[in-house]
2 protein chains.
Amino acid sequence: MGVPSHGMRETARQLAPFLRPWVPVVSLSKGLEQDSRLRMTQVLEQELTGHPCGVLTGPNLAKEILSGHAAASVIAMDDPVIAEALQDVFANDLFRVYTNPDVIGCEVAGALKNVMAIASGMADGLGTGDNTRSAVITRGLAELTRLGCAMGGQQVTFAGLAGMGDLIATCISPQSRNRYVGEQLGRGRKIDEIIAEMSMVAEGVKTSKVVMELGEEYGVDLPIAEEVHGVVHEGRPAADAYRGLLGRHVRSEMHGMPNS
Amino acid sequence: MGVPSHGMRETARQLAPFLRPWVPVVSLSKGLEQDSRLRMTQVLEQELTGHPCGVLTGPNLAKEILSGHAAASVIAMDDPVIAEALQDVFANDLFRVYTNPDVIGCEVAGALKNVMAIASGMADGLGTGDNTRSAVITRGLAELTRLGCAMGGQQVTFAGLAGMGDLIATCISPQSRNRYVGEQLGRGRKIDEIIAEMSMVAEGVKTSKVVMELGEEYGVDLPIAEEVHGVVHEGRPAADAYRGLLGRHVRSEMHGMPNS
C-alpha cells in the first residue's frame with residue numbers, strides 16, 4: 001500500500017471488496033492519520049479486518065533503488081511466519097530485508113523522522129553546516145525515541161535501520177521532500193507557497209501537528225518537533241526556531257536521554 | 001592537547017616540566033595509541049601524573065566553528081566539578097558544551113568513528129548513494145557501541161553527540177579527512193598514494209588496526225571495521241569489501257544489536 005497517509009483509509013475501504021481473505025497487506029506509508037492519530041497498520045486493520053498487516057520501512061529513497069543501488073529495509077509484522085515469507089518476496093541481491101517484530105516502533109519512527117527532516121532542512125536553509133546538522137539528527141533521534149518508546153515501541157528499533165537509518169537518509173538526502181520543505185522554510189519562504197509548488201506529499205508537515213498532540217497525550221517533551229510545528233503551523237520564522245533550540249539551558253548530555 | 005594520537009605521548013612528556021600542578025589537561029585527539037591500545041587520557045595520565053585529564057569531543061568540524069557556525073560538544077572527565085568549570089571556559093553563545101562523566105565512551109567513540117568514516121567514504125567513492133550510506137552509518141554505530149560498551153563505555157554516550165553526532169558529521173562532511181581517504185579508496189586508488197599527498201593526519205587508518213586487536217581482545221564481532229582493515233592494510237579492493245558487507249546472512253535486524 002504505497003499511498004500517502006491521508007488517503008490510506010479511503011483506499012483500503014475501496015480495496016476491501018476485491019481483496020481475497022488471508023492476503024497480507026504491507027504499508028509503505030510514513031505518516032499518522034490526522035485526528036485519530038492512528039498508525040497506518042491500525043487504519044488498515046480497521047478497514048481490512050482479518051488481513052495480517054505490516055510495514056516495510058527503512059532508508060529507501062526510491063530513486064536510488066530504481067537506479068540499482070543497494071539498500072536495506074525492515075519488514076515488521078506481528079506474525080513472524082508471514083514476516084519471513086514476505087522477506088523472501090521483497091528481498092533480492094541488492095535489496096536486503098530484515099525482519100523486526102516491533103510494528104509500533106517501525107511505524108512511529110517512519111512518521112516522526114519526517115518532522116526531524118524538516119528541522120534538518122531548516123538548518124540547511126539557514127546555512128548552519130554539518131556540525132549543527134549532525135547535532136539536530138542526534139537530538140532528533142533521542143526525541144523520537146522518547147516518544148516512540150512511550151507509545152510502545154522498542155528502543156532497539158530506533159537505533160536500527162527503520163529508526164536511525166531512515167532518519168539519516170531523510171535528513172541528508174537532496175531527494176527528501178521533507179528536508180526540502182525545511183530548507184525552503186530556512187530560506188524564509190512561506191509554507192503554503194512551498195507546498196503549492198510541490199507535486200508530491202511531504203508527510204512531515206501534517207505529522208508535526210499529530211506529533212505535538214501525541215507529546216501531550218504521553219507527557220513527552222519534544223523540543224525539536226515543537227520548533228518545527230511553530231514554523232510550519234504558526235508562522236514562526238525558522239531563524240527564531242533555531243535560536244530557540246540553541247538557547248536551551250541543558251548542562252549535562254545525559255539529561256532526557258532514553259537510558260538516563 | 002590538539003595533537004595527533006601518535007604524537008600525544010612525546011608531546012606530553014616534553015610538556016610535563018613546564019605544567020603547573022593541578023592544571024587540568026584536555027585531549028582533543030580522536031585516536032588510540034598503537035601497540036599499547038591506550039586511550040589518549042590514559043596516555044596523558046601516565047605522562048602527566050596528578051593532572052586531572054579529560055576529553056572534549058563531538059561533531060566539531062573545525063572549519064565550521066572558525067566560520068562562526070553553531071556547534072555542540074561534550075566534555076568528559078571523572079571529576080564533575082572540574083568538568084563544569086571547564087564547561088564554562090569552553091562554552092559561548094555559538095559553542096554549546098555538555099558534560100558527560102563517561103570518559104571511556106567519549107574517547108572510544110571519537111576514535112572508532114574515524115574507521116566508520118572510511119567505510120562511509122568508500123561507499124561514496126563507489127557511488128552507492130544515500131540509502132547505503134545511511135545503512136553503513138547505522139550499522140557502524142551499532143558496531144562501535146558493541147565494542148565501546150565491552151571496553152567499559154556507556155551505551156547512552158554512543159547515542160549522543162560524542163557518538164552518533166560525531167559519527168554522522170564525520171561520515172557526511174566533505175571536510176572529513178577520514179571520509180576522504182575512504183572515498184579515494186572507493187575510487188580504486190592505493191592507500192600509500194592517498195596518504196602521501198595529504199598534509200593532515202587521517203587517524204582512522206591507524207585506528208583500524210588497533211580496533212581489530214581490540215575486537216579480538218574483547219571478543220566483539222566487527223564486520224565493518226574488518227572490511228575497512230582489509231582494504232587499508234591488506235590491499236583488498238573496496239568494491240570487494242562492499243560485496244562482503246552486503247553478502248552477510250542476517251535475517252533479523254535485532255541480531256547483534258546492543259539491547260538484544
Side-chain angles (χ1 to χ4, degrees), chain A residues 58-61 63-65 67 69-72 74 84 87 93-94 96 98-101 127-135 137-139 141-142 145 154-157 159-170 172-175 242 246 248 250-255 257-260, chain B residues 58-61 63-65 67 69-72 74 84 87 93-94 96 98-101 127-135 137-139 141-142 145 154-157 159-170 172-175 242 246 248 250-255 257-260:
Chain A
N60 297 157
L61 295 157
K63 270 193 191 165
E64 291 189 1
I65 294 172
S67 309
H69 291 309
V74 175
E84 284 180 27
Q87 183 177 37
D93 283 350
L94 285 168
R96 296 192 66 74
Y98 298 88
T99 57
N100 183 332
T128 57
D130 288 325
N131 289 338
T132 299
R133 176 148 72 160
S134 304
I137 297 174
T138 303
R139 304 299 291 179
L141 182 62
T145 303
Q154 290 171 34
Q155 196 176 328
V156 68
T157 297
L161 292 169
M164 178 176 162
D166 195 9
L167 175 69
I168 294 175
T170 310
I172 68 175
S173 173
Q175 292 167 46
Y242 252 79
L246 289 170
R248 297 211 142 221
V250 178
R251 302 278 300 179
S252 161
E253 205 195 2
M254 299 300 181
H255 175 85
M257 292 294 281
N259 273 348
S260 68
Chain B
N60 297 156
L61 296 156
K63 270 191 193 168
E64 291 191 1
I65 294 173
S67 311
H69 291 312
V74 175
E84 284 180 27
Q87 183 177 36
D93 283 351
L94 286 167
R96 294 191 67 75
Y98 298 88
T99 58
N100 184 331
T128 58
D130 288 325
N131 289 337
T132 300
R133 177 150 71 160
S134 305
I137 297 174
T138 302
R139 303 300 291 178
L141 182 62
T145 303
Q154 290 171 33
Q155 195 176 327
V156 69
T157 297
L161 292 170
M164 178 176 162
D166 195 11
L167 175 70
I168 294 175
T170 310
I172 68 175
S173 173
Q175 292 167 44
Y242 253 79
L246 289 170
R248 297 210 141 223
V250 178
R251 303 276 301 176
S252 162
E253 205 195 2
M254 300 299 180
H255 176 84
M257 292 294 278
N259 272 349
S260 69

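Convention: sequence-line order gives letters A, B, ...; per-chain numbering from 1.
Highest contact tally toward chain B, considering only A/Asp166, A/Ile65, A/Asn60, is held by A/Asn60 [criterion: heavy-atom pairs under 4.5 Å].
Using a 4.5 Å cut-off between heavy atoms, A/Ser173 contacts chain B through both its backbone and its side chain.
Without hydrogens or angle criteria, B/Asp130 side chain to A/Ala169 main chain gives no donor-acceptor distance under 3.5 Å.
A/Glu64 CD to B/Thr132 OG1: the interatomic distance, rounded to the nearest 0.5 Å, is 7.0 Å. Going from atom CD1 of B/Ile172 over to atom CD1 of A/Ile137 covers 5.5 Å, rounded to the nearest 0.5 Å. Of the inter-residue distances, the one linking B/Leu94 atom CG with A/Asn131 atom CG reads 11.5 Å to the nearest 0.5 angstrom.
A 4.5 Å side-chain heavy-atom check between B/Met164 and A/Leu141 finds at least one atom pair inside the cut-off.
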